[in-house]
Amino acid sequence: MAAPAREPSFDVLGTLDTPWTAQRALDLLPEHHGPKVEVFRGSVIVTPHAGFDHQAAERQLSFLLHQAARQAGMWAYPEVNIVAGDDLFIPDFVVLRRSGGGRITMPITDAVLMGEIVSGGNRRMDVIDRPREYAAAGVPYFMRVDFRNRVPSLVLHELADGEYRPVVAAAAGGTFSMREPFPFEIDPADLLDDEDEPG
């Protein structure tokens with residue numbers, strides 16, 4: 001008699017003694033609006049949602065990128081499941097060649113641009129580890145958003161000879177203007193939710 005199907009649960013995190021894969025995580029861990037769960041080189045990485053500056057930038061940038069991407073026949077999404085071999089990435093935002101409608105995951109080969117908003121506790125992952133993996137998978141563009149002293153900046157990197165090289169950069173008060181993979185322009189200051197000064 002077959003064992004009854006298990007309900008997805010975080011209880012399995014400490015019980016498996018074999019490397020994790022993207023498919024194993026999708027099968028065994030719950031799908032909900034809790035922490036972000038990724039699989040990186042056989043390990044599960046669980047992180048809580050970042051602070052409000054991060055969330056504001058993710059909301060605003062994903063929305064504006066989606067509007068611009070649609071003009072070029074692409075789709076932008078915040079925090080979706082991207083599978084690369086056995087790894088499962090959840091970039092802060094991604095631009096895809098085709099719609100993810102009706103799907104739970106998309107292969108990294110459909111990604112045109114992957115983006116990360118640098119968090120203090122995840123700086124190494126956001127600046128070094130994730131971009132290195134995205135480059136190894138052949139994702140043509142990588143965008144990074146940083147908030148040093150609450151001054152937002154954007155940098156667009158293009159894949160060249162297996163590594164990302166910066167091609168466009170701007171900080172708050174300037175204009176970030178890219179032409180590839182589609183035209184997009186923004187003052188990085190517009191990514192923060194600051195209250196208006198009383199007049």
Side-chain angles (χ1 to χ4, degrees), residues 22 25-26 31-40 44-70 74-84 87-97 99-100 103-137 139-148 150-159 164 166-172 176 178 181-182 184 186-193:
L26 292 165
E31 177 187 334
H32 61 16
H33 298 289
K36 183 188 282 193
V37 178
E38 297 176 282
V39 177
F40 184 65
V44 172
I45 300 168
V46 180
T47 52
H49 285 287
F52 281 86
D53 285 345
H54 183 288
Q55 299 299 333
E58 184 177 296
R59 177 202 67 226
Q60 189 75 350
L61 196 51
S62 296
F63 173 74
L64 295 173
L65 279 173
H66 183 69
Q67 289 182 317
R70 288 304 300 128
M74 299 177 220
W75 286 259
Y77 296 94
E79 291 193 3
V80 291
N81 298 314
I82 302 295
V83 175
D87 289 339
L88 173 64
F89 296 113
I90 303 179
D92 290 319
F93 53 95
V94 63
V95 175
L96 301 172
R97 290 181 177 88
S99 169
R103 298 171 176 268
I104 294 172
T105 67
M106 288 291 279
I108 201 166
T109 52
D110 280 320
V112 175
L113 180 151
M114 303 269 275
E116 297 294 344
I117 301 169
V118 179
S119 298
N122 289 332
R123 179 164 286 278
R124 179 185 165 81
M125 285 290 289
D126 293 339
V127 174
I128 298 172
D129 297 334
R130 287 188 178 100
R132 183 182 294 148
E133 296 300 314
Y134 301 163
V139 178
Y141 294 92
F142 171 72
M143 185 182 288
R144 186 176 68 238
V145 182
D146 211 336
F147 290 103
R148 292 187 186 270
R150 290 199 79 232
V151 177
S153 63
L154 270 73
V155 182
L156 177 70
H157 298 80
E158 185 173 12
L159 190 62
Y164 286 124
V167 290
V168 180
F176 175 88
M178 69 185 201
F182 49 84
F184 177 71
I186 189 173
D187 177 346
D190 294 340
L191 297 176
L192 289 183
D193 282 346

Check: What is the minimum heavy-atom distance between P188 and P152, and which atoms define it?
Finding: O-CG, 3.2 Å
Notebook entry, point to check: Tell me, do L192 and D53 make a side-chain contact under 4.5 Å, heavy atoms counted?
Noted result: yes
Check: How would you list, by chain and number, every residue that makes a side chain to side chain contact (heavy atoms under 4.5 Å, CB included) with V155, sequence neighbours excluded?
Finding: R144, H157, P166, A169
Next item on the list: Decide yes or no on side-chain contact (heavy atoms from CB on, under 4.5 Å) for L154 and I186, but give the supporting numbers first.
Entry: CA-CA 9 Å; L154 270 73; I186 189 173; 4.1 Å; yes
Check: When you measure from the side chain of R70 to the backbone N and O of M74, does any donor-acceptor pair fall under 3.5 Å?
Finding: yes
Item checked: Test log, rule side-chain contact (heavy atoms from CB on, under 4.5 Å), inputs Y141 and V95 -> CA-CA 9 Å; Y141 294 92; V95 175; over 6 Å; no
Notebook entry, point to check: Residues in side chain to side chain contact (heavy atoms under 4.5 Å, CB included) with V167, at least two apart?
Noted result: L156, E158
Notebook entry, point to check: Does a side-chain heavy-atom distance below 4.5 Å link V168 with F176?
Noted result: yes
Check: From N81 CG over to L88 CG, what is the distance, rounded to the nearest 0.5 angstrom?
Finding: 5.0 Å
Checklist line | Minimum heavy-atom distance between L113 and P181, given as atom pair plus value | finding: CD1-CD, 4.3 Å
Margin query: For the CG atom of L191 and the OG atom of S153, what is their distance to the nearest 0.5 Å?
Written below: 9.5 Å
Check: Among all residues two or more places apart in sequence or in another chain, which pass the side chain to side chain contact (heavy atoms under 4.5 Å, CB included) test with L159?
Finding: A135, Y164
Item checked: From CA spacing to verdict: side-chain contact (heavy atoms from CB on, under 4.5 Å), F93, M143 -> CA-CA 9 Å; F93 53 95; M143 185 182 288; 3.9 Å; yes
Item checked: CD1 on I117 to CG on L61, rounded to 0.5 Å -> 6.5 Å
Margin query: Within the 4.5 Å heavy-atom criterion, are L65 and F182 side-chain neighbours or not?
Written below: yes
Note to self: Could you measure the distance from the CZ atom of R103 to the CG atom of D110? Nearest 0.5 Å is fine.
What the structure shows: 7.5 Å
Item checked: Nearest-0.5 Å distance that lies between atom OG1 in T105 and atom CZ in F89 -> 13.5 Å
Next item on the list: Taking all heavy atoms of A56 and all of D193, pick out the closest pair and write down the distance.
Entry: CB-OD2, 3.5 Å
Notebook entry, point to check: Looking at side-chain heavy atoms only, is the closest gap between V118 and H54 below 4.5 Å?
Noted result: no
Next item on the list: Examine distances only and state if a side-chain atom of R97 and a backbone atom of T109 form a donor-acceptor pair shorter than 3.5 Å.
Entry: yes
Item checked: Nearest heavy atoms of L96 and V112, plus distance in Å -> C-CG2, 4.3 Å
Check: Looking at CD of E133 and CE of M114, how far apart are the two atoms once the value is rounded to the nearest 0.5 Å?
Finding: 10.0 Å
Next item on the list: Measure across A57 and F147 and return the closest heavy-atom pair with its distance rounded to 0.1 Å.
Entry: CB-CZ, 3.4 Å
Item checked: Within-4.5 Å side-chain heavy-atom neighbours: R59 and P78 -> no
Checklist line | Closest non-hydrogen atom pair, Y77 against G100 | finding: OH-N, 3.0 Å
Margin query: For a side-chain contact (heavy atoms from CB on, under 4.5 Å) check, start with the C-alpha distance between V139 and I108, then their side-chain angles and the critical distance, and finish with the verdict.
Written below: CA-CA 7 Å; V139 178; I108 201 166; 3.6 Å; yes
